[in-house]
Amino acid sequence: MMDGLNPQQRAAVTLPEQHALVLAGAGSGKTRVLATRMAWLIQTGQASPFGLMAVTFTNKAAREMLSRLAGRLPVQPRGMWVGTFHGLCNRLLRIHHAEAGLPADFQILDMADQLAAIKRMLKAAQVDDSLFAPRDVQYFINAAKESGVRADAIRPRDTRERHLTEFYQRYQAQCEREGVVDFGELLLRATELLERDATLRAHYQQRFRHILVDEFQDTNALQYRWLQLLAQGGACIFAVGDDDQSIYAFRGADVGNMADFQRHYARDCVIRLEQNYRSSGHILAAANALIAHNESRLGKNLWTDAGEGEPIRVSEQFTDALEAQWIVDEIRAMLREGQARDQVALLYRSNAQSRLLEHALFSAGLPYKVTGGLRFFERQEIRHALAYLRLMLNIRDDTSWLRVVNFPPRGIGARSLEKLGDLAREQASSLSEAVDGMSGRSGVSLAAFRNLIDTMRERTQDMGLPELVAHVIEHSGLVRHYEQDREGADRLENLRELVSAAAAFVLEQEWEDWPAMTPDSRIVADVDMAPSVAGLSPLAAFLSHAALEAGDNQAQAGQDAIQLMTVHAAKGLEFDVVFITGLEDGLFPHENSAQQAAGLEEERRLMYVAITRARRRLFLTLAQSRMLHGKTRYSRRSRFLDELPEAHLKWLGVRSAPGGHTDVPPAWRSAASTAARRNTGLGSSVTVRDQDFRIGQGVRHARFGEGTIVGLSGNGLDAQARIQFADVGSKTLALGIAKLDIIAG
DNA sequence: CTTATGGGCTTTTTT
DNA sequence: AGCCCATAAG
C-alpha cells in the first residue's frame with residue numbers, strides 16, 4: 001500500500017491520532033496521500049469505514065476519492081461519508097429534516113433559482129431594484145450565510161446595510177414558507193442543527209473519529225465552524241491544503257483558516273509535501289517564479305528531480321480566431337505524433353471563451369468535451385421540466401410555480417400574476433392556494449393550470465421515476481411546445497435525455513438497497529444511509545441530485561476527447577499538454593479582480609493553478625483583439641507573462657512589447673497577413689465610401705504613415721480597421737472618419 | 001390583458 | 001451573442 005511513497009508522504013499517511021495539517025504543493029501527491037491514509041486507517045483497524053468522514057469541494061474530487069478507495073478496500077465505500085460539504089450537509093438534513101425544521105422533501109435552490117426568488121421578494125417588498133440590484137442582494141445574503149450569520153445577528157452600519165439585512169430577513173422567511181433552501185442554507189442549517197441538538201451532536205461527534213479535509217485553503221468561516229463542531233468530541237482533523245491554490249475567496253473562502261488551524265490544532269504537526277511529481281523543470285520553475293510575486297504566502301518551494309523538459313511556448317496572435325486556429329494546428333501536429341486526445345486540455349479564465357475554441361475544434365473535426373459552462377441541468381428546457389417535477393412534490397414552491405405557470409403559454413400574463421401575488425401576500429398563502437380567490441378569465445386559466453398540476457400528481461403517484469418524468473414532460477405540454485418550435489429539436493432531445501438520466505439515477509440508487517427510515521431508527525440507520533438520500537422519495541432524491549450535481553454539458557461524446565474547461569474547473573486535474581488561452585490583461589487577470597482587495601493575488605494563484613496542471617508541455621496563448629459581448633476589444637498581454645522568466649519561455653508568432661505597441665519584424669509581415677486571411681471571426685473585406693479595404697492591404701495615413709490592415713470589423717461608416725503601422729505600432733481606426741490612401745496589397 | 005418584437009445591457013470564477 | 005424589459009399589436 002505504501003509502495004512508492006516518499007518519506008514525507010509516508011509520514012503523513014501513517015500519522016498517529018492527532019490533528020494534522022499537510023501543506024501539499026501542486027502535484028505533490030495530495031490526493032494519493034488522502035486516499036492512502038483512509039485505507040491505512042481502516043486496514044490497521046484504527047477506524048471503521050463508518051467512523052471516517054472525508055470532505056471535498058467538488059463532486060469530481062469526491063468521486064476521485066471514492067474510486068481510489070474502492071480499489072484498496074474490501075468494503076463498498078459508497079455508504080461512507082465521503083462527499084462535498086454541501087452533499088454531506090444535505091445528507092444530514094435529509095436524515096434529520098424534522099429536527100432541522102424542514103419538510104421531508106425540501107428542495108435546493110441553485111444560484112439561478114435563488115436569484116429569481118430574490119427578485120420576487122424585492123417585488124413583494126416593493127423595492128426599487130434600480131437602488132438594489134438583485135445580484136447585490138444575492139451577494140450580500142450569500143456572504144452573510146457563508147460567514148455563518150443570520151439576519152438578526154447583523155448590526156447594520158449604514159442605511160444600505162439596514163435595507164440589505166431586511167431583505168435577507170424577508171428572503172429567508174420566504175424560503176421557509178416555500179420549503180426550499182439555498183446552497184449556503186444547507187451548511188448553515190446543518191451547523192445550527194448540530195449546535196442546537198445535543199443528542200445529535202454527541203452522536204456524530206462520537207461516530208466520526210477521523211475527519212479528512214481536502215483543499216482546506218478553500219474553506220469558509222462556516223465550513224470551518226462545522227468542522228470544529230464535529231471534531232469537538234475528540235476526532236482528529238487531517239487537513240490537506242495549499243495556500244498558493246486558494247482561488248475561491250470570491251465565494252467566502254478564507255485562507256486564514258489554514259493559519260488558524262495550524263495555530264490551534266496542528267501546532268506540532270505540520271507536514272510539507274514539496275516534491276512535485278507532475279511537471280517538468282521549465283514548467284515548475286515558471287510556476288514558482290510567478291507565485292513568488294505574491295506577498296501573502298505561508299511559503300513553500302516546489303522542486304522536482306525530473307528533467308528540464310521542453311520550454312513553455314508562447315504564441316501571440318492578432319485575433320482570438322487566429323489564436324484558436326493556431327491552437328488547433330498545434331494540436332493536430334501533436335495528435336499526428338501519437339498524443340492522446342484526452343491528455344490535451346484547453347483552459348480559459350471565463351466560460352464565454354469556450355465558444356470560439358469549440359468552433360475551431362469542431363471545424364477541424366476534432367472531438368472535444370466541455371466541462372462546466374452551461375450544464376445539462378441548467379438548460380432552459382431542463383429547468384422547466386424540473387420545475388414541474390418540483391411542483392409534484394411541493395406545491396408551495398412559488399419559484400417553480402412562476403417559472404412554468406405560463407410556459408408553455410396559457411394566457412396567464414404578468415398582470416394576472418401580479419394580482420395573484422398580492423392576494424397570496426394578503427392571506428399569507430402560496431400562489432397556488434391563492435388561485436381560489438381569483439375571478440374572471442384569468443381565474444379560469446389559473447384554475448386550469450392548478451388542475452393540470454394536481455392531475456399530473458395523482459396520475460404519477462404510483463409510477464417509477466423514469467415513467468414519472470416522461471409523463472410530466474409530456475402532459476405539461478413541454479414536448480408539444482418544443483415540437484412546434486422550429487428551433488426546438490435540441491431541446492426536445494435534452495428532455496428525452498432527462499428521462500434517461502432519471503433511469504440511470506434509479507439504477508445507481510438501487511445498487512445500495514437502503515433500509516427505510518423509521519423515526520426511532522434515525523440515528524442508528526444513518527450508518528448505512530445512501531450518499532444522497534435517506535428514506536426519501538426517488539423523485540426528491542433525483543431533484544436534489546440535479547441541484548447539487550449540475551452535470552456535464554455534453555453526454556459523454558466519446559471519452560477520447562480534448563478537454564475544455566475554466567481554470568477553476570481544472571483545479572485538481574492534470575494533463576500531459578495544457579494550453580492556457582486568452583492571456584491578456586483584463587481577461588486574465590480579469591479586470592473585475594482589480595477592484596477587489598487582494599484580487600490580483602488571487603488571479604495570480606489562479607494562473608499558478610493553471611500552469612501546474614501541465615505535465616510535459618505547456619502553451620500560453622493570447623490575442624491582441626477579441627470579440628467580447630459583441631464588441632471587439634483590444635488588449636495588451638497579461639502582466640503574468642512578464643512575470644515568467646525568459647529562460648523558460650520560447651516565443652512563437654507575434655510578440656508585442658510590454659508597453660502595448662507591436663513590434664513586427666518586416667519579414668514576418670506577409671506571414672501575418674496570410675494568417676489573417678484565414679481568419680473566420682472578422683470580415684476579410686469592407687467597402688467604405690467606394691474604397692475597398694481588405695486584410696493585408698497596404699495603406700497610408702497622413703499622420704501615422706504607411707501600414708498594413710490586419711483586421712476589419714463592422715460595416716459601412718461604422719467599420720473599423722486594425723492597422724499595423726511601420727513607425728507607430730498598431731492602431732484601430734474608424735474607416736468612416738480616418739483618411740486613408742490605398743497603396744499596395 | 002397577452003403575446004410578439006426590438007433595443008439595451010450584460011458575465012469571472014462554483015457548491 | 002443571448003437575456004430581460006419596455007413598447008406596440010391582437
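Nothing here was measured: the structure is a model prediction, and the numbers come from that model. Order of the sequence lines fixes the chain letters, A, B, ..., with proteins taken first and strands second; residue numbering starts at 1 for each chain.
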Given [options], which nucleotide is nearest the side-chain atoms of [X]?
{"X": "A352(A)", "options": "dT15(B), dT14(B), dT11(B)", "value": "dT11(B)"}
{"X": "S350(A)", "options": "dT15(B), dT13(B), dT3(B)", "value": "dT13(B)"}
{"X": "R415(A)", "options": "dT15(B), dC1(B), dT13(B)", "value": "dC1(B)"}

Query raised in the report: On DNA chain B, nearest-nucleotide positions of G411(A) versus A569(A): which is more 5'?
Result: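 Taking each residue's closest nucleotide, the earlier one in sequence belongs to G411(A).
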
Query raised in the report: More 5' along DNA chain B: R251(A) or R135(A), using each one's nearest nucleotide?
Result: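 Result: R135(A).
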
Query - Full working for side-chain contact (heavy atoms from CB on, under 4.5 Å) between Q217(A) and Y248(A) - result: CA-CA 9 Å; Q217(A) 75 282 355; Y248(A) 284 105; over 6 Å; no

Taking N or O atoms only and anything under 3.5 Å, show me the protein contacts with nucleotides 7-10 of chain C, one pair per line.
none

Query raised in the report: Does the ring centre of F407(A) sit less than 6.0 Å away from the ring centre of H481(A)?
Result: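 Here the rings of F407(A) and H481(A) have centres that are less than 6.0 Å from each other.
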
Report task. May I ask you to check whether H96(A) and Y204(A) place their ring centers less than 6.0 Å from one another? Result ->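 Aromatic pair counts; centres sit under 6.0 Å.
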
If I take atom [atom1] in residue [X] and atom [atom2] in nucleotide [N], what distance separates them, rounded to the nearest angstrom?
{"X": "K145(A)", "N": "dT15(B)", "atom1": "NZ", "atom2": "P", "result": "18 Å"}
{"X": "Y139(A)", "N": "dT15(B)", "atom1": "OH", "atom2": "C1'", "result": "16 Å"}
{"X": "Q114(A)", "N": "dT14(B)", "atom1": "CD", "atom2": "P", "result": "16 Å"}
{"X": "K119(A)", "N": "dC5(C)", "atom1": "NZ", "atom2": "C1'", "result": "10 Å"}
{"X": "R355(A)", "N": "dG2(C)", "atom1": "CZ", "atom2": "C1'", "result": "8 Å"}
{"X": "R626(A)", "N": "dA1(C)", "atom1": "CZ", "atom2": "C1'", "result": "15 Å"}
{"X": "I108(A)", "N": "dT14(B)", "atom1": "CD1", "atom2": "C1'", "result": "15 Å"}
{"X": "L417(A)", "N": "dC1(B)", "atom1": "CG", "atom2": "C1'", "result": "11 Å"}

Could you check whether [X] gets within reach of a base, just the sugar-phosphate, or nothing at all, counting any heavy atom under 4.0 Å?
{"X": "Y248(A)", "answer": "sugar-phosphate"}
{"X": "D110(A)", "answer": "nothing"}
{"X": "F57(A)", "answer": "sugar-phosphate"}
{"X": "K419(A)", "answer": "sugar-phosphate"}

Output yes when at least one side-chain N/O atom of [X] is less than 4.0 Å from OP1 or OP2 of [N], else no.
{"X": "N90(A)", "N": "dT15(B)", "answer": "no"}
{"X": "T566(A)", "N": "dT14(B)", "answer": "yes"}
{"X": "N351(A)", "N": "dT13(B)", "answer": "yes"}
{"X": "R410(A)", "N": "dT3(B)", "answer": "no"}

**Report entry** Atom CZ of R135(A): over 12 foreign heavy atoms under 6.0 Å
**Finding:**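 For R135(A), atom CZ is not crowded (no more than 12 foreign heavy atoms under 6.0 Å).
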
Query raised in the report: Does atom CZ of R355(A) have more than 12 heavy-atom neighbours from other groups under 6.0 Å away?
Result: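 No - once you tally the heavy atoms of other residues, nucleotides and ligands closer than 6.0 Å, there are 12 at most.
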
Report task. List the steps and the verdict of side-chain contact (heavy atoms from CB on, under 4.5 Å) for D214(A) and K30(A). Result -> CA-CA 9 Å; D214(A) 191 15; K30(A) 167 186 73 111; 3.1 Å; yes

**Report entry** Lys NZ or Arg CZ of R94(A) over F106(A) ring: under 6.0 Å, within 45°
**Finding:**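 Ring-cation test returns yes.
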
Query raised in the report: Can a salt bridge be assigned to the pair E215(A) and K571(A) using a cut-off of 4.0 Å between side-chain N and carboxylate O?
Result: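 So E215(A) pairs with K571(A) through a salt bridge.
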
